[in-house]
Amino acid sequence: METYTLRSRADRPAVRYKIDYAGELNQAQHEAATTLEGPVLVIAGAGSGKTRTLVYRVARLVESGVSPANVLLLTFTRKAAEEMLARAATLVGASCERVAGGTFHSFANTVLRRLGRQIGLEPNFTILDRSDSEDVVALLRSRAGLDRKERRFPRKNTILEIVSMAVNRSVTVPEVVEASYGHLVEHLDDLLRLADAYGRYKRERNLADYDDLLVHLRDLVRGSPEVASHLSRTYRYIMVDEYQDTNLLQAEIVRGLAAEHDNVMAVGDDSQSIYSFRGATFRNIMEFPQLFPGARIIKLEENYRSTQPILDLANAVIDRAVEKHTKTLRARVEGGSPPLLAQCADEQSQSRFVTQRILELREEGVPLSDIAVLFRSSFHSFDLELELSRADIPFVKRGGFKFIETAHVKDVLAHLRIVANPRDAVSWHRVLLLLDGLGPRTAEDLLGHVTGAAYLQAATEVLEAYPRRGPYTKELKHLAALLREIAVEGLPPGEKVARVVAFYTPMLRHLHRDDFPKREKDLEHFITIASRYRSLASLLSDMALEPPSDSVGDVLAAGDEDDGLLTLSTIHSAKGLEWQAVFVLWLVDGRFPSYHNLHDTEEMEEERRLLYVSVTRAKRHLHLSYPIDIYDRTTGMVLGKPSRFLEGLPGHILSETQVIEEVDTR
DNA sequence: TACAAGTAAGTTTTT
DNA sequence: CTTACTTGTA
């Protein structure tokens, strides 16, 4: 038969992009943003436009015709994901907001609510936060009779640290004890029994702690080929930000999710790995090419954030790291002067120095919202907070204690969690103890009956029919009525919270006679937060995974924002952020680096990276400060030596100054 | 026996 | 300010 040839359609348009990718990104960024298929590792130095690159890559994917629903963006906080997607949306359209995004934990939560049954997890499981987990451990410990004082058995906090460390580092409990808790070796058998009981307890009551979310998701993608393949086909393009702060479990999850396509872009900076206490390891970055053979590696080294003198300090700090990884930041921003190192007589003087400099900066036109004060530990800012209030400088504090972790908010939450998961013994326990005359013994007896009930209705009937008599008999009936009331499907979450608060307020007043007004305000605030939600389930998940970090003070202060709020933050919570002016407090050996980590090289290296992260948050103005001759009561040490990370730096890197008192000449 | 209230000490970083 | 332990009370 003869043939007739159709000519190829030369005029068929290749995808036409609205965005000029080559023009708006530098060469390395462009390569990263436009490489869509296959594994890619992006080593992104601080301020190198990593976020910008990710945003453009999302846009590129969408412009190339990939459905947003097939893209997964895993970030360190949900806020980071939201911001990136919003920016991508302004580039190519609102559909970008349909990209799946969030933290590993929140992603795991979503998937497990849908598919958890495969591994024996009911969809209404309750997420335990750290203090919930501690409650469980305390209960199990006393049940096992391990709280008798002759044994000097470790505290619940320590027990959980060990168990959690084992999970996140993917090692066994004995290995953790041997490596980091040598003094507890004699208790190893009991620890193992307790760890075992803890796992069983959670399984029986449909509870999951933070670690479980990751473990379950890992098991899901590893244990069941159909589920893995289903997920892998849903999420055809995966991006993981802050890869240096992922742990082995998370790497396994990524590996499993990408099983069908290998389309993974991991972005990170080994010099900014600061979460090893959570099991994170920058080895994940190093080993990415082994996990994904054929991975393309792209380095972003040009810094668009800071002036060269600031980067000189950053480079000098990280240059002395034991394991250094070949990356030198080069500034694209002109000018700048060396960072200031201020020696202060005492803590007061440091606080006043910072306050005064902030006021000067504001005079010079730097808005408060573009200034931050960073510190190693949350409590390092207490004195400064007083000084700032005196000077009428409004601020928000990130990191440290959150409003959601206060006892009264947790009490209210516990009622709602019972409704969501009637088997949640932790919340039952908490709620029952609130009743007058009802203590741990009675609560446990009641729990035996209550959590056997499959439905809330049955559980409330148990409360009403409880045979033992006490001052609490009537209150149990009230509680039962409340729980039934807020279990009604159609009632909006805000209203549910309001009813619990109404029920709880008399107890609050009784429990906290001295300071209940402050706490009542927190609860009102909580009602407001809750009314933003459509479903109780999403409210509860968010409160566990992405709790609002604001406190009552912040809400009030936010009213008068002429030039915004000053930020106070732990270094950990400052990750990924930037400001025109940055202050770093307490650069004293023993505080920063923290005395906890003085003995261990690995941990000392992490402290060094923490300083690197702090320094690279600053765009133009950087102030480091330290008080001298501080007597630290908890350790009995006199802290007087500047941080070892600043020792022996070339003279021109820092400009050193001594803060002195004005001489009163009146 | 079970609960409440009072006293003495310990506090990194976070999902 | 919270937690663990001690003492006091019904």
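Letters A, B, ... are given to chains in the order of the sequence lines, protein chains preceding strands, and every chain is numbered from 1.
Per the geometry, CD belonging to A:Glu603 stands 13 Å off P belonging to B:dT12, to the nearest Å. Separating the CG atom of A:Asn157 from the C1' atom of B:dA9 is a distance of 15 Å, rounded to the nearest angstrom. What separates CG of A:Asp135 from C1' of C:dA4 is a distance of 14 Å, to the nearest Å. Summarising the geometry, the separation between CZ on A:Arg141 and P on C:dA4 is reported as 6 Å, rounded to the nearest angstrom. In this structure, A:Lys156 atom NZ and B:dT11 atom P are separated by 14 Å, rounded to whole Å. Nucleotide C:dT2 holds its C1' atom 11 Å from the CD atom of A:Glu134, rounded to whole Å.
Looking at A:Glu252 and A:Arg222, a side-chain N of the basic residue comes within less than 4.0 Å of a carboxylate O on the acidic one, giving a salt bridge. The pair A:Asp522-A:Arg519 does not meet the salt-bridge criterion, since no charged nitrogen lies less than 4.0 angstrom from a carboxylate oxygen. Between A:Lys79 and A:Glu82 there is no salt bridge, since none of the side-chain N atoms of the basic residue sits less than 4.0 Å from a carboxylate O of the acidic one. A salt bridge is defined here as a Lys NZ or Arg NE, NH1 or NH2 lying under 4.0 Å from an Asp or Glu carboxylate O, and A:Asp245 with A:Arg278 fails to meet this definition. Under a 4.0 Å N-O distance rule, the pair A:Asp411/A:Arg430 qualifies as a salt bridge.
Ring-centre distance between A:Phe375 and A:Phe382: not below the 6.0 Å cut-off.
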**Study point:** Dot-bracket encoding per residue of DNA chain B, Watson-Crick/G-U cut-off under 3.5 Å, | denoting interstrand
**Key:** ||||||||||.....

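Side-chain contact, A:Tyr198 with A:Ser133: a donor N or O sits under 3.5 Å from an acceptor N or O.
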N/O-N/O pairs, protein side and nucleotides 2-5 of chain B side, under 3.5 Å:
{"unit_1": "B:dA2", "atom_1": "OP2", "unit_2": "A:Arg441", "atom_2": "NH2", "d": "3.3"}
{"unit_1": "B:dC3", "atom_1": "OP1", "unit_2": "A:Gly439", "atom_2": "N", "d": "3.2"}
{"unit_1": "B:dC3", "atom_1": "OP1", "unit_2": "A:Thr442", "atom_2": "N", "d": "3.3"}
{"unit_1": "B:dC3", "atom_1": "OP1", "unit_2": "A:Thr442", "atom_2": "OG1", "d": "2.1"}
{"unit_1": "B:dC3", "atom_1": "OP2", "unit_2": "A:Arg441", "atom_2": "N", "d": "3.1"}
{"unit_1": "B:dA4", "atom_1": "OP1", "unit_2": "A:Gly437", "atom_2": "N", "d": "2.6"}

Using a cut-off of under 3.5 Å, enumerate the N/O to N/O pairs linking the protein to nucleotides 13-15 of chain B.
{"unit_1": "B:dT13", "atom_1": "OP1", "unit_2": "A:Ser378", "atom_2": "N", "d": "2.9"}
{"unit_1": "B:dT13", "atom_1": "O2", "unit_2": "A:Arg376", "atom_2": "NH2", "d": "3.2"}
{"unit_1": "B:dT14", "atom_1": "OP1", "unit_2": "A:Thr570", "atom_2": "OG1", "d": "3.1"}
{"unit_1": "B:dT14", "atom_1": "OP1", "unit_2": "A:Ser573", "atom_2": "OG", "d": "3.0"}
{"unit_1": "B:dT15", "atom_1": "OP2", "unit_2": "A:Lys402", "atom_2": "NZ", "d": "3.1"}
{"unit_1": "B:dT15", "atom_1": "O4'", "unit_2": "A:Arg278", "atom_2": "NH1", "d": "3.3"}
{"unit_1": "B:dT15", "atom_1": "O2", "unit_2": "A:His105", "atom_2": "NE2", "d": "3.2"}

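Although no hydrogens or angles enter the test, the distance criterion places a donor-acceptor pair under 3.5 Å between the side chain of A:Asn124 and the main chain of A:Ala420. Between the A:Gln244 side chain and the A:Asp269 main chain, a donor and an acceptor come within less than 3.5 Å of each other.
By the 4.5 Å heavy-atom criterion applied to side chains, A:Arg376 and A:Pro593 are not counted as neighbours.
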Practice item. Verify ring-ring contact (aromatic ring centres under 6.0 Å, His included) between A:His572 and A:Phe277, making sure each step is shown before the conclusion. Key: CA-CA 12 Å; A:His572 285 90; A:Phe277 66 90; 5.5 Å; yes

